[in-house]
Participant: 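A single structure is presented below for examination.
Reckoned from all heavy atoms, side chains included, excluding hydrogens, waters and symmetry mates.
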Amino acid sequence: MTHANRENSEGPRHGIGEEPEEPRVVVRDRRKIDPVTGELREQPVLEEEEAPVAGKHAGPSLGETIVDAAVEPVSDLEKQLEERTADLQRLQAEYTNYRRRVDRDREQVVNSAKAGVVGDLLPLLDDLERADQHGDLTGAFKAVADKLVASLQRAGLEPFGAEGEPFDPSVHEAVQHNTSSEVAGPTVTLVMRRGYRFGDRVLRAALVGVTDHEPGEAPPAPAPTSVPASASAEAAPESAPELDATQSGELPLDENSR
């Protein structure tokens, strides 16, 4: 192949100073209204729009599903997220219940310790009460006793057992029983030892005497009144005095006439 034929086969070459030709720009007027006449243009119908590609936008045929098998309804990541969320909620609920149980147990331990200390001081309170009843609790000793009792009551100690209270076997220990028609039911009429409770716990029952109701007896029938002898003698009619024979008008009989 000669040099001329090679140049013809390879095509024209641009010179060193020549610029390559730019691609042609085609402008299509797609305006629907003609700017000159102002009339509506007829739109050309494309073949692609008239005959869409089969299967590109066609709906599912009978018996087919519209869910793509390649797309899973719930991914494994979402399942793991739901499981972790459920685990977290369960752990949070367990921890909340644990805290409540610990707080409740701690409060019970504190109350039990307080009740134990107060229970050991009950004999001292009995001595103070007896001293007050006998008039020996006076002066500075009385002031200290009042402070001690007030401190124990602020801590939760509550005395019970007073005359006139209804008898309650759960807090009263009856050591004496009487009956009377003056009470409507079992009533505490004598307190031998005061009882104490701490919160909801009964530290010691009260020793009391109980009087139960007794129906009143029927009044006795009135006894017949006896009339004194003096009154009966006055009430009886006076007997006529015995008359002498001379006063009655009869003549006395001599011995011969008898």
Side-chain angles (χ1 to χ4, degrees), residues 86 88-226:
L88 180 60
Q89 292 176 351
R90 184 170 57 255
L91 290 175
Q92 186 176 3
E94 291 178 357
Y95 178 69
T96 302
N97 294 334
Y98 169 75
R99 288 188 57 185
R100 293 177 181 175
R101 185 170 59 254
V102 169
D103 294 340
R104 184 173 60 252
D105 294 344
R106 184 185 297 111
E107 184 177 359
Q108 290 179 356
V109 170
V110 173
N111 291 336
S112 299
K114 290 182 179 180
V117 174
V118 173
D120 295 338
L121 295 176
L122 294 184
L124 176 59
L125 296 180
D126 294 338
D127 295 339
L128 294 176
E129 185 176 1
R130 284 191 291 267
D132 189 16
Q133 293 175 355
H134 290 83
D136 298 334
L137 193 63
T138 58
F141 185 54
K142 179 175 176 57
V144 174
D146 292 342
K147 289 182 179 179
L148 176 61
V149 173
S151 300
L152 293 177
Q153 290 180 355
R154 283 196 302 269
L157 182 65
E158 180 183 357
F160 64 89
E163 295 181 0
E165 291 182 353
F167 176 71
D168 186 358
S170 62
V171 295
H172 295 147
E173 182 178 353
V175 295
Q176 184 177 351
H177 183 265
N178 294 321
T179 57
S180 175
S181 59
E182 297 179 356
V183 295
T187 307
V188 176
T189 55
L190 177 64
V191 179
M192 303 177 185
R193 188 184 66 184
R194 193 180 301 274
Y196 291 94
R197 65 165 58 93
F198 189 85
D200 298 335
R201 179 184 303 182
V202 177
L203 298 180
R204 188 181 69 184
L207 293 179
V208 297
V210 182
T211 300
D212 204 350
H213 175 68
E214 180 181 5
E217 297 179 356
T225 57
S226 59

Participant: Tell me if the CD atom of Gln133 is crowded by more than 12 foreign heavy atoms within 6.0 Å.
Facilitator: yes

Participant: Verify the neighbour count for atom CD of Glu182: are there more than 12 heavy atoms of other residues, nucleotides or ligands below 6.0 Å?
Facilitator: no

Participant: Is it true that a side-chain atom of Asn97 and a backbone atom of Ala93 form a donor plus acceptor pair closer than 3.5 Å?
Facilitator: yes

Participant: Should the heavy atoms of other residues, nucleotides or ligands under 6.0 Å from CD of Glu94 be counted, would the total exceed 12?
Facilitator: yes

Participant: Between Arg154 and Ser151, is a side chain to side chain donor-acceptor pair (under 3.5 Å) present by the stated rule, with each step listed?
Facilitator: CA-CA 5 Å; Arg154 283 196 302 269; Ser151 300; 3.3 Å; yes

Participant: Do Asp212 and Val183 have side chains that get closer than 4.5 Å, going by heavy atoms?
Facilitator: no

Participant: Evaluate the criterion side chain to side chain contact (heavy atoms under 4.5 Å, CB included) for residue pair Val202 and Phe160; output intermediate values, then yes/no.
Facilitator: CA-CA 10 Å; Val202 177; Phe160 64 89; 4.1 Å; yes

Participant: Considering only heavy atoms from C-beta outward, does the side chain of Val210 approach that of Asn178 to under 4.5 Å?
Facilitator: no

Participant: Going by the salt bridge (Lys or Arg N to Asp or Glu O under 4.0 Å) test, name the single residue among Arg193, Arg204, Arg194 that passes it with Asp126.
Facilitator: Arg204

Participant: Would a 4.5 Å heavy-atom cut-off, applied to side chains only, mark Leu125 and Val149 as touching?
Facilitator: yes

Participant: Evaluate the salt bridge (charged side-chain N to carboxylate O under 4.0 Å, His left out) criterion for residues Arg130 and Asp127: first the C-alpha distance (whole Å), next the side-chain angles of each, then the deciding distance (0.1 Å), finally the verdict.
Facilitator: CA-CA 5 Å; Arg130 284 191 291 267; Asp127 295 339; 2.5 Å; yes

Participant: Is the shortest side-chain heavy-atom distance between Val208 and Glu173 below 4.5 Å?
Facilitator: no

